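These numbers were taken from a predicted model, which means no experiment stands behind them. We name chains A, B, ... by the order of the sequence lines, and we start the count at 1 in each one.
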Number of protein chains: 2
Amino acid sequence: MSAATSASRADSRPGGRSARVRSAVHQAVRDLLADGTTDQLTIPLIAARADVHATTVYRRWGSVGDLLADVATSRFSGGFVVPDTGSLRGDLERYAADLAKDLGDPDTLALVRATIGVGGEQGAAVCRKERQDQLEAILERERSRGNEVPEVDRTIDALLAPLYYRAVFTDRVPTPEWARTLVAHLLPEAADAGPGGTTT
Amino acid sequence: MSAATSASRADSRPGGRSARVRSAVHQAVRDLLADGTTDQLTIPLIAARADVHATTVYRRWGSVGDLLADVATSRFSGGFVVPDTGSLRGDLERYAADLAKDLGDPDTLALVRATIGVGGEQGAAVCRKERQDQLEAILERERSRGNEVPEVDRTIDALLAPLYYRAVFTDRVPTPEWARTLVAHLLPEAADAGPGGTTT
DNA sequence: ACACAAACGCACTGATCGCTGCGATTAAAA
DNA sequence: TTTTAATCGCAGCGATCAGTGCGTTTGTGT
C-alpha cells in the first residue's frame, strides 16, 4: 500500500498521455466491478479491458489495492457540491438526499465494497473521508453564523451511518425521501436554527 | 456462489473428521485475515495454513467467496445471548454494548470487511442478518408485553447503523459506553417503557 | 529543431492458482 | 465383522498472474 507515492506521480501531467491511460484504467476497474468481478479482479484483466499493457498498470499502481484506492479517491472527490440553502435543515436535507442518490448507484456501491474488502481501514477511509469533511463543513458554517448545531459525532451517527449502512450492508436502496427523515430525527422539529440536539 | 448446497453437506456430520477439517480451515481463514492477508487470500494458501490439502477445500467450498461466507456465518451465529433485563432500555443497552465489544475486535472486523469485499450484498447480509433478527426479537418481545416500541427501521438506523459504520468505515473502536449513548438518543429520557420514538 | 526525461509497449521467466482423475482412508450402517 | 458411501490426500495438467530488462514513443524544455 504505497499509493501516495506512485499516484501522486501519476496525475502530475493532467493533459498528456498519462491522463488518458489513467482514465481508461479507472473506467476498466469500474466496468469490471459493475459486472460483478470481485475476486478475479486482477491487474492483467484490468489492463486487457482498458486496452493497456499490464506492465503500465504494474508500474503506476503496483497492486490492485492501490489502484482501487486511487479509483475510489477520484470517484468520491469532486462533483459533489456542498449545498447552501440558507438553513441548516435545508443544507442537511439536500446533502443527505444527494448522498443517498449517490450511494444508491449499484456501480458505486460495488466500488465501495471492493475498496473496503482489499483496502481495509485505509480503503474505508477513502470512501467516507470526503463526505465526512463536507458534512463537518456544513456544521461549521452554521456555527460560524452564531447558531447552535448538533455535535459532529452525533450528526455522523444520525446521517452518515444510516446512509452507508443501508447502502453497504442491506439490499435496500437508500432513497432521498428516507434520507430526509434522518434529518428530521436529528434536528428538533420546532425551529430551524433553534437550539437542542446537542448531546447530553 | 453456491454455498448453500456444499456448505449444508459440510456440517452434516458434526463430530467426524469433516468437522475437524472444517474448523481447521475456518481458523486458517481467520488467522490469515488477522495477519492482513486480504488480496492474496487464496485457497492453496488457506489450505497450507490449515495443514489440509487444497483439493479438500476446493471440493467442500469451491470458492473463496463461499468459504468466507461460511466462516462469517459460523462466526456471527451463536455465542450471542439476547439479553433479558426486564426493560427495553436495559435490553438495548446491553445488546448495543455487546455488539460494540464484538465489532471492536480487529480480527472480526477484518472478517467482515473481507466478506463484504468478495461476497458483495450476499456477504454483507451474512454479517448483519443475525444481529438484526436479534434486535427485532427484543423489540417484538417488548411489544408483546403491551408497550410501545420504536419502529424497527428507526431502531436499526439509530443503533445498528452507527455501530457498524464506526467499526467498518472509521478507525475508531466502538466502545460499550458510546453504544449506550445511542440507546439514550433513541429512547426518550423520561419513562422506561414510555411512548414516543415512533416516527412521524 | 534538438535533447532529455518520463511513460508506455513488448517479450519474456518463475511462480502460483484453479481444477481434476485416481487411490487411500475413515466412519457409520448392515 | 463386513459392507458401503463419503471424505480426504496425492500427483499433475493447463492457465493465469506478478514482476522484469529493453527498446520505443510521447511530451516538454532549451
Base C/dG21 paired with B/Arg59 side chain (donor-acceptor, <3.5 Å):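 Yes.
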
Separation of atom CG in B/Leu67 from atom P in C/dC17, rounded to whole Å: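 Taking atom P of C/dC17 as the reference, CG of B/Leu67 is at 14 Å.
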
Protein-nucleotide distance (B/Arg20, atom CZ; C/dA27, atom C1'), rounded to Å: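 My rounded result for the distance is 11 Å.
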
A/Asp84 with A/Arg145: basic N within carboxylate O range, under 4.0 Å: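 Salt bridge: yes.
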
By side-chain contact (heavy atoms from CB on, under 4.5 Å), which residues pair with [X], not counting sequence neighbours?
X        : answer
A/Pro176 : A/Ala97, A/Arg180
A/Asp171 : B/Glu121, B/Arg128
A/Val152 : A/Glu136, A/Leu139, A/Ile156
B/Leu109 : B/Arg113, B/Ala167, B/Val168

By salt bridge (Lys or Arg N to Asp or Glu O under 4.0 Å) - contacts of B/Asp107 (at least two apart): none

Residues forming a salt bridge (Lys or Arg N to Asp or Glu O under 4.0 Å) with A/Lys129, sequence neighbours excluded: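 For A/Lys129, the residues satisfying salt bridge (Lys or Arg N to Asp or Glu O under 4.0 Å) (neighbours in sequence not counted) are A/Asp133.
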
Nearest listed nucleotide, side chain of A/Thr55, among C/dG21, C/dC8, D/dG21: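 Nearest to the side chain of A/Thr55 among the choices is D/dG21.
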
A/Tyr58, nearest nucleotide to its side chain (from C/dG9, D/dA18, D/dC8):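 Looking only at heavy atoms from C-beta outward on A/Tyr58, the closest nucleotide is D/dA18.
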
Under-4.0 Å side-chain N/O to phosphate OP1/OP2 contact, B/Arg60 with D/dC8: yes

Any B/Thr56 side-chain N or O less than 4.0 Å from OP1/OP2 of D/dT7: no

For B/Arg75, all residues meeting side chain to side chain donor-acceptor pair (under 3.5 Å), sequence neighbours excluded: B/Asp102, B/Thr108

Close residues, residues 34-54 of chain A, relative to DNA chain D [heavy-atom separation under 4.0 Å]: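 Here the set is A/Thr42, A/Ile43, A/Pro44.
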
Difference in axis direction between the ends of the helix from C/dA1-D/dT30 to C/dA30-D/dT1, five pairs, 10°: 30°

